[in-house]
Amino acid sequence: MADEQREAGREDAPGTVPEPCPGDCGTHATRMPPASVPGASVEAQRARILDELLQDVAFQLDAQGRLSFLGKPWERLTGMLVASWLDRPLVDVFHPEDRERARRLLDAAASQRSLAPREELRIEAAEGRGTRWVALSARALPAAPGEVVGTLVDVTSRRRAEEAVTTRERYLEVMVEVQRRMMPHQRPMDLYGAVVEPLGHVADASRVYVFEMHRAPDGTLLASQRAEWCAPGVPPNLEDPEMHGLPLMEALHPEQSSRLMRGQPVQALPRGFPDMLAPVLEAQGVKSVLLLPLHVHGQLFGVIGFDNCREARPWGPVEVNLLSGAAGALSLALEQRTDNALRMRTETTLRRTEAGVHLLIEAFPDPVMVHVGDGVLLSVNPALVQYLGYRDAAELMGRHVLELVRPEDRGAAQLHLGQALEGQRSARAVEMPLVRRDGEVVVADLVTLAVVVDGAPARVTVARDFTERKRTQAQLMLTDRMASMGLLAAGIAHELNNPLAYVLSNLDFLHGTVGPRSRPLSHDELLECRQVLDDAREGAERMRQIVRQLRVFSRVDDGKEEAVDVHRVLDSVTQMAASTVRARAKLVKEYGEVPPVQGNEGKLFQVFLNLVINAAHAIDEGQSESNEIRLTTFLDDGGRVMVVVRDTGHGIPPEHLRRIFDPFFTTKASGVGTGLGLSICDTIVNGMGGHISVESSVGAGTTFRVALNVAPPPPPKDAARRPGA
């Protein structure tokens, strides 16, 4: 009966649930009547409704580990059809590095009858969705030996947030350790060796090295490698003759050399360097490079470099700033060691580096506070002062950390501080409300770690703001709306001008007809005037509708969700984009019978306007008779409203399709697109609990599918008059 299950999955037929079969007959599926059909069992109805409502993916494996049942949420999680995975091993969907762990967990589940093993693993979703994290839980099915049932729960958002916080913590801890090693009382003989290894680990680099500058007999400025750390499997270059006596300034572009001389970082891919250096980097397997200058007494003394041999990715601004701080600490240590004549000046400077944590805190982009004892604030950085709305850091010095927290949250905050003091690693508090000077509450993710400041124990708390991120996201959405409005400005003017022209023309006719005259109007003349007035009223109504569409599209009250007629939204979109579409394609509407959806009318207008404009831009002008943009609506088998926007344009290359929803990614010419449109569409649709997907073939066109939730039915009109209501 496994074939029946697979066929049901291919048809997306509702009402198919797994039915375990004892003995050796295997797992099979029974087709049950839909929940709305009389005679459907309560269990069958419950199973179907739960499959539609639950976010978790339920599955069942046969004795060979192949999928015999798979819940509908699988498609939302992976972007892949249920039918394409039935009768395939579940372990195949997991990341290769996690596949063996998944296999062990499922084997353990098949052999244990009481407990359900659980692990968080990575799966490989459909192209364009990337790697996702899921919590895999499984348990043996007693009635069918060797078979397993379980769930997959999407935990991607939490894992990514934790990874971002962990990265910041890791950098801060390593920077503190590097600063500590550079202090005079424990400075090692091998300064470079004390720095390159921890920096290599924290920066996730393949190779970290130090070059020193020196002069050739003819005065040419050369560079020679003095130290190196390599990740496992990465070949060293320290003994390579080409890495000694290298004319580094000539091997760089003039602007790159100038940046190093000014004390600024340089990073690029191998092809971003001149021909003298690029082949050397490529031969070493380098895919991206970061160079940080080492300045001693105001002169370029050398560079500390970071190679990435795995991927051509840049280091982020926060990473570069923190690594530059470590390079600065190394420069100060070199300054003292290399010039005895300036010993006093160097010692004074190095005493300041004993407070290296303070220097890092001052430059840190997130709000940071240092507190001692049971929570008395010792210092705060400018980002925290601004975040909490104070004028000066002095207003916060000496206050207790708990004064920045609402009274009802102080117990949780005290527990967080205690964990940081007692634990070996940093402690984290997710979404802790903080009170600004003006009484406004902001929400932050707090990370606290224990450090030593001026020889005494202290704690550093870093706050990552969620409030500003939400405001920025809202501003980006509004910006994208206004950009779309600008693209449509000429078309909107044309749409307003036509009805305005015949309204004015009809009014001129009436003015001439009913003006001062020597005789009353005849019956035919009165009928003609009535027709002219009707035409003028129709034109005015058309202008009113256009203005209404503009107001809906540009309004900023984005938080309100209600029942929305998706057909009315699509009609408004097609009217607004008519002038853009008209020169490129025929616009075909293929509407089905669909209920209202739960959402925000202005946001949905923005989503579908973006999709229609993109579809039009994928078709060259002047070919409207041979191309079309088709808008289709229907209710899918899962009970969600589907809106399909299909065009016959150029299509999207596979290498671009997987990045199509990335922020700021665009294939349009500079100044034509911001790269925000599809990213914002994805954010809006997901925020409403829906899903957006894309299919495309070069030369054959593109199809976007938007799945939206049906709006709940309105409460009965007499609900307010019911007893106890």
I need the [X] [atom1] to [Y] [atom2] distance, nearest 0.5 Å.
| X | Y | atom1 | atom2 | answer |
| --- | --- | --- | --- | --- |
| Trp229 | Leu199 | CH2 | CG | 10.0 Å |
| Leu221 | Leu246 | CG | CG | 10.5 Å |
| Leu377 | His371 | CG | NE2 | 7.0 Å |
| Leu378 | Arg459 | CG | CZ | 12.0 Å |
| Met432 | Thr448 | CE | OG1 | 9.0 Å |
| Leu238 | Ser224 | CG | OG | 10.5 Å |

More than 12 heavy atoms of other residues, nucleotides or ligands under 6.0 Å from [atom1] of [X]: is that the case?
| X | atom1 | answer |
| --- | --- | --- |
| Asp438 | CG | yes |
| Arg271 | CZ | no |
| Glu120 | CD | yes |
| Glu239 | CD | no |
| Glu311 | CD | yes |

For the side-chain contact (heavy atoms from CB on, under 4.5 Å) test, which of Leu446, Asp445, Val447 pairs with Arg464? Asp445
Hey, which of His253, Gln264, Gln267 is the one that makes side-chain contact (heavy atoms from CB on, under 4.5 Å) with Arg259? Gln264
Under a 3.5 Å distance rule, please check whether [X] uses its side chain to pair with a backbone N or O of [Y] as donor and acceptor.
| X | Y | result |
| --- | --- | --- |
| His400 | Asp374 | yes |
| Arg122 | Glu97 | no |
| Arg99 | Phe94 | yes |
| Ser331 | Ala327 | yes |
| Asn381 | Leu384 | yes |
| Arg207 | Pro235 | yes |
| Gln386 | Ala383 | no |
| His295 | Leu260 | yes |
| Gln414 | Leu402 | no |
| Ser288 | Arg313 | yes |

Checking side chain to side chain contact (heavy atoms under 4.5 Å, CB included) for the pair Asp98/Glu119: CA distance, chi angles, key distance, verdict? CA-CA 10 Å; Asp98 293 345; Glu119 274 201 63; over 6 Å; no
Kindly determine whether Trp133 and Arg158 satisfy side chain to side chain contact (heavy atoms under 4.5 Å, CB included), including the steps that lead there. CA-CA 9 Å; Trp133 281 92; Arg158 176 177 61 76; over 6 Å; no
On a heavy-atom basis, which atom in Ala223 and which in Met213 lie closest, and how many Å separate them? CB-SD, 3.7 Å
Side chain to side chain contact (heavy atoms under 4.5 Å, CB included) between Met369 and Leu404, intermediate numbers included: CA-CA 11 Å; Met369 64 186 92; Leu404 306 179; 4.3 Å; yes
Run the numbers on Gln284 and Asn237 for side chain to side chain donor-acceptor pair (under 3.5 Å), then give the verdict. CA-CA 8 Å; Gln284 295 172 355; Asn237 294 327; 3.3 Å; yes
Looking only at side-chain N and O atoms, does Arg160 offer a donor or acceptor that is under 3.5 Å from a partner on Thr156? no
Trace of the side chain to side chain contact (heavy atoms under 4.5 Å, CB included) decision for Ser379 with Met397: CA-CA 6 Å; Ser379 67; Met397 300 298 198; 4.0 Å; yes
